[in-house]
**Q** 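If you scroll down you'll find the structure; I have some questions about it.
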Amino acid sequence: MTTDFQQGRIALGVRLRELRTEGGLTVRQLAAKCGWPYSKISKLENGKQTVTPADLETWARETGFSDAGEELKARLRGLETSQRSWRRQLAAGHRPVQEALAVEYQRSAVLRAWEAAMIVGVLQTAEYARHIFTAYADLHRSVRDVDEAVRARMKRQEALYARGKQYHVVMGEAALHTLVCPPSVLAGQLDRLMGVVTGLDTLSLGIVPFTAQLGLPPANGFWIYDERLVIAEDWHAELWLDDAENVALYTRVWETLRKSAVYGHQAQRLIARARASLDLA
């Protein structure tokens with residue numbers, strides 16, 4: 001089974017390859033500039049070898065992106081534990097976090113999500129996402145790379161249209177009403193939801209009504225990637241859980257919450273009611 005550490009190495013390798021190609025270098029050219037065997041470049045880019053902080057500084061410098069050194073080292077620190085503190089993950093901003101998640105989206109076929117009071121990232125509009133990233137940057141006092149983070153999140157949404165993928169998203173009705181953004185932005189967000197409820201073959205979207213009987217109290221948001229990984233969020237950290245027991249536990253939580261959700265036209269009615277309730281004056 002691929003561990004969260006290995007998954008993190010793969011995500012870091014994707015970023016290293018991006019810097020090399022943006023710098024216009026082949027594998028052999030970069031190896032020569034760094035004074036390394038060319039096989040080391042391939043191993044690092046494919047997550048087959050753990051990079052050192054000194055390696056990352058060399059990589060950033062020789063690809064022509066010296067200012068990326070701190071970002072790369074922040075990513076490396078994030079590999080150390082399944083409990084990935086936001087303080088450490090966000091040392092280089094939100095964009096690296098979004099790109100690490102994109103790797104998991106790409107390598108997963110069936111994705112399940114729960115979110116109680118916020119629109120899940122994969123369905124957010126750019127303006128809604130902008131307000132979310134701004135709020136979290138303020139909370140964590142992190143690098144304010146809001147524009148870059150929004151672009152990375154929008155790029156990650158391309159996986160919604162990939163053949164062979166299945167997204168099963170369940171949200172609480174509170175997500176349709178919570179004003180984490182101006183009413184006009186939420187209106188645009190709800191319009192997008194109306195279009196995707198029945199308009200995407202790859203997506204099943206359920207809404208748990210305020211009045212629904214719940215089998216469990218709703219709590220923190222999380223994603224389940226196939227049956228191999230759970231990523232759950234808390235205020236201080238993000239948990240990457242790949243042991244079978246925890247994956248099974250979160251799957252039971254998701255199934256319990258899903259049973260209280262409504263779909264299709266019933267979900268559209270809840271969205272339309274939330275949209276109508278907004279004061280756009």
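Bear in mind the structure is a predicted one, so any value in this text is a computation, not a measurement. Any value given below was found using the heavy atoms of this structure, including those in side chains, with hydrogens, waters and symmetry copies removed.
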**Q** Counting only heavy atoms not in D138, do more than 12 sit closer than 6.0 Å to its CG atom?
**A**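 It does: D138 CG has more than 12 such atoms within range.
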
**Q** Heavy atoms only: give me the nearest L270-P209 pair and the separation to one decimal.
**A**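 So the minimum-distance heavy-atom pair works out to CD1-CG, 3.9 Å.
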
**Q** Kindly determine whether Y105 and W223 satisfy ring-ring contact (aromatic ring centres under 6.0 Å, His included), including the steps that lead there.
**A** CA-CA 10 Å; Y105 277 65; W223 280 84; 5.3 Å; yes

**Q** Using side-chain heavy atoms (C-beta onward) and a distance below 4.5 Å, is M171 in contact with V208?
**A**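 No, every pair of side-chain atoms sits at 4.5 Å or beyond.
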
**Q** Taking atom CG of L76 and atom OG1 of T50, what is their separation to the nearest 0.5 Å?
**A**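 Rounded to the nearest 0.5 Å, the CG-OG1 separation comes to 8.0 Å.
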
**Q** Decide yes or no for I119 and Q189: does some side-chain heavy atom of the first lie under 4.5 Å from some side-chain heavy atom of the second?
**A**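 When only atoms from C-beta onward are counted, Q189 and I119 do touch, with a gap below 4.5 Å.
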
**Q** What's the spacing between Q49 CD and L44 CG if we round to 0.5 Å?
**A**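 Rounded to the nearest 0.5 Å, the CD-CG separation comes out at 5.0 Å.
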
**Q** So, T202 side chain and L160 main chain: donor-acceptor pair closer than 3.5 Å or not?
**A**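 Yes.
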
**Q** Surrounding OH of Y263 (heavy atoms of other residues, nucleotides or ligands, distance under 6.0 Å), is the total greater than 12?
**A**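 Yes, the 6.0 Å shell around OH holds more than 12 heavy atoms from other groups.
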
**Q** Establish whether V262 and L203 are linked, either directly or via other cluster members, by ILVMFWY side-chain heavy-atom contacts under 4.5 Å.
**A**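 Hydrophobic grouping puts V262 with L203.
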
**Q** For a salt bridge (Lys or Arg N to Asp or Glu O under 4.0 Å) check, start with the C-alpha distance between E104 and R228, then their side-chain angles and the critical distance, and finish with the verdict.
**A** CA-CA 11 Å; E104 299 307 327; R228 61 180 175 78; 3.0 Å; yes

**Q** To check you understand the geometry: which heavy-atom pair defines the closest contact between V197 and G264, and what is its length?
**A**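 For V197 versus G264, the nearest heavy atoms are CG1-O, 3.4 Å.
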
**Q** With a 4.0 Å cut-off on N to O distance, would you call D55 and K40 a salt bridge?
**A**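 Counted as a salt bridge, because a side-chain N and a carboxylate O are separated by less than 4.0 Å.
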
**Q** I'd like to check L229 versus V247 (side-chain heavy atoms, cut-off strictly below 4.5 Å). Are they in contact?
**A**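 The answer is no; the side chains never approach within 4.5 Å.
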
**Q** Flag yes if I271 and V122 sit in one hydrophobic cluster, no otherwise; membership is Ile, Leu, Val, Met, Phe, Trp, Tyr, and two members link when side-chain heavy atoms are under 4.5 Å apart.
**A**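 As far as the 4.5 Å side-chain criterion goes, V122 and I271 are connected within one cluster.
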
**Q** Does the side chain of I132 reach to within under 4.5 Å of the side chain of M118, using non-hydrogen atoms?
**A**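 With C-beta onward as the side chain, the pair touches.
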
**Q** Below 4.5 Å, heavy atoms only, C-beta onward: do T58 and W36 meet side chain to side chain?
**A**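 In contact.
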
**Q** Is a side-chain donor or acceptor of Q166 paired with a backbone partner of V110 at a separation under 3.5 angstrom?
**A**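 Looks like no, no N/O pair under 3.5 Å.
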
**Q** May I ask you to check whether over 12 heavy atoms, not counting those of R87, lie within 6.0 Å of atom CZ?
**A**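 At most 12 heavy atoms, drawn from other residues, nucleotides or ligands, come within 6.0 Å of this atom.
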
**Q** Are V150 and V146 close enough, and set up right, to give a side-chain contact (heavy atoms from CB on, under 4.5 Å), and what steps lead you there?
**A** CA-CA 6 Å; V150 170; V146 173; 4.2 Å; yes

**Q** Let me confirm one number: the CZ-CG distance from R252 to L216, rounded to the nearest 0.5 Å.
**A**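 Answer rounded to 0.5 Å: 10.0 Å.
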
**Q** Considering only NZ, NE, NH1 and NH2 on the basic side and carboxylate oxygens on the acidic side, decide whether R95 and E18 come within less than 4.0 Å.
**A**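 Looking at R95 and E18, the cut-off is met.
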
**Q** So, E70 and K73, do they make that salt bridge, N to O below 4.0 Å?
**A**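 Yes, E70 and K73 are salt-bridged.
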
**Q** Parallel, tilted or perpendicular for H168 and W254, by the 30°/60° rule?
**A**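 Perpendicular.
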
**Q** Counting C-beta onward and ignoring hydrogens, is there a side-chain heavy-atom pair between K48 and S42 closer than 4.5 Å?
**A**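 No. Closest side-chain heavy atoms not under 4.5 Å.
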
**Q** With no hydrogens and no angle check, just 3.5 Å: does a side-chain donor-acceptor pair link E57 and W59?
**A**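 On atom types as modelled, these side chains do not qualify, holding no pair under 3.5 Å.
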
**Q** Do the ring centers of H177 and F210 come within less than 6.0 Å of each other?
**A**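 Yes.
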
**Q** Any link between L123 and I231 through a network of hydrophobic side chains (Ile, Leu, Val, Met, Phe, Trp, Tyr) touching at under 4.5 Å?
**A**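 Yes, L123 connects to I231 through the hydrophobic network.
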
**Q** Does Y38, at its OH atom, have more than 12 non-hydrogen atoms belonging to other residues, nucleotides or ligands within less than 6.0 Å?
**A**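 No.
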
**Q** List the residues meeting salt bridge (Lys or Arg N to Asp or Glu O under 4.0 Å) with E115, not counting sequence neighbours, and say none if there are none.
**A**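 Partners of E115 by the salt bridge (Lys or Arg N to Asp or Glu O under 4.0 Å) criterion come out as none, since no residue qualifies.
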
**Q** From E227 CD over to D242 CG, what is the distance, rounded to the nearest 0.5 angstrom?
**A**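 E227 CD to D242 CG: 14.0 Å, rounded to 0.5 Å.
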
**Q** Give me the atom names and distance for the closest heavy-atom approach of G172 to I207.
**A**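 The pair with the smallest heavy-atom distance is C-CG2, 4.3 Å.
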
**Q** Salt bridge or not for R273 and E173, using N-O below 4.0 Å?
**A**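 Counted as a salt bridge, because a side-chain N and a carboxylate O are separated by less than 4.0 Å.
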
**Q** Just do the side-chain contact (heavy atoms from CB on, under 4.5 Å) check on L205 and T198 with the steps written out, would you?
**A** CA-CA 8 Å; L205 175 60; T198 58; over 6 Å; no

**Q** Would you indicate whether the side-chain heavy atoms of L239 and V230 approach each other to under 4.5 Å?
**A**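 No, their side chains stay 4.5 Å or more apart.
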
**Q** Would you call the rings of H140 and W86 parallel, tilted or perpendicular, taking 30° and 60° as the class edges?
**A**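 Ring orientation, 0 to 90° scale: tilted.
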
**Q** Can you see which heavy atom on G69 is nearest to which on A60, and at what distance?
**A**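 That would be N-CB, 3.8 Å.
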
**Q** For V97 versus L90, what's the shortest heavy-atom pair and its separation?
**A**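 The pair with the smallest heavy-atom distance is CG2-CD2, 3.9 Å.
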
**Q** Is the backbone of L241 close enough, under 3.5 Å, to the side chain of N246 for a donor and an acceptor to pair up by distance?
**A**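 No, because the side chain of N246 does not come within donor-acceptor range (under 3.5 Å) of the backbone of L241.
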
**Q** Any sub-3.5 Å donor-acceptor pair from S277's side-chain atoms to A274's backbone N or O?
**A**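 Here the side-chain-to-backbone pair exists.
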
**Q** Does S66 offer a backbone N or O that forms a donor-acceptor pair with the side chain of R61 under 3.5 Å?
**A**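 Judged by distance alone, no pair lies under 3.5 Å.
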
**Q** Report the distance from atom CD1 of I224 to atom CH2 of W114, rounding to the nearest 0.5 Å.
**A**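 Answer rounded to 0.5 Å: 12.5 Å.
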
**Q** Can a donor-acceptor pair be found, under 3.5 Å and without considering hydrogens, that links the side chain of Q89 to the backbone of P96?
**A**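 Side chain of Q89 to backbone of P96, a donor-acceptor pair under 3.5 Å: no, none is there.
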
**Q** Over all heavy atoms of both residues, which pair between R20 and L25 is shortest? Give the atoms and the distance, please.
**A**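 Reported closest heavy-atom pair: NH1-O, 2.9 Å.
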
**Q** Does the side chain of Y225 come within less than 4.5 Å of L101's, by heavy atoms?
**A**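 A side-chain contact under 4.5 Å exists here.
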
**Q** F222 vs E233, test: side-chain contact (heavy atoms from CB on, under 4.5 Å). Steps then yes/no.
**A** CA-CA 6 Å; F222 60 87; E233 293 188 10; over 6 Å; no

**Q** Measure the spacing between OG of S204 and CZ of R112 and express it to the nearest 0.5 Å.
**A**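 With rounding to 0.5 Å, OG (S204) is 11.5 Å from CZ (R112).
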
**Q** Determine whether more than 12 heavy atoms belonging to other residues, nucleotides or ligands lie under 6.0 Å from atom NZ of K165.
**A**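 Result for NZ/K165: enclosed.
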
**Q** For the hydrophobic clusters of this structure (ILVMFWY residues joined by side-chain heavy atoms under 4.5 Å, transitively), does one cluster hold both V143 and Y136?
**A**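 Not linked; separate clusters.
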
**Q** Begin with the C-alpha distance, continue with both residues' side-chain angles, and end with the deciding distance and a verdict on side-chain contact (heavy atoms from CB on, under 4.5 Å) for L19 and E71.
**A** CA-CA 12 Å; L19 291 175; E71 170 206 331; 5.9 Å; no

**Q** According to a 4.5 Å side-chain heavy-atom criterion applied to Ile, Leu, Val, Met, Phe, Trp and Tyr, with indirect links allowed, do L193 and M154 form part of one hydrophobic cluster?
**A**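 No, no single cluster joins them.
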
**Q** Are the side chain of D226 and the backbone of A109 linked by a donor-acceptor contact shorter than 3.5 Å?
**A**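 Yes, because the side chain of D226 sits within donor-acceptor range (under 3.5 Å) of the backbone of A109.
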
**Q** Side chains of R9 and N46: any donor to acceptor distance under 3.5 Å?
**A**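 No donor-acceptor contact under 3.5 Å links the two side chains.
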
**Q** Does any N or O in the side chain of T125 come within less than 3.5 Å of the main-chain N or O of Y128, such that one atom is a donor and the other an acceptor?
**A**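 Yes, T125 side chain to Y128 backbone: donor-acceptor pair under 3.5 Å.
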
**Q** I'd like to know whether K33 forms a salt bridge (Lys or Arg N to Asp or Glu O under 4.0 Å) with E62, so could you lay out the CA-CA distance, the side-chain angles of the two residues, the decisive distance to 0.1 Å, and finally the verdict.
**A** CA-CA 6 Å; K33 287 171 71 69; E62 298 302 337; 3.7 Å; yes

**Q** Checking D147 against R130 for the salt bridge (Lys or Arg N to Asp or Glu O under 4.0 Å) test, could you report, in this order, the C-alpha distance in whole Å, the side-chain angles of both residues, the deciding distance, and whether it holds?
**A** CA-CA 7 Å; D147 290 340; R130 188 177 307 281; 2.5 Å; yes

**Q** Would you find a donor on one side and an acceptor on the other, under 3.5 Å apart, between the side chain of R15 and the backbone of A100?
**A**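 No: the side chain of R15 does not pair with the backbone of A100.
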
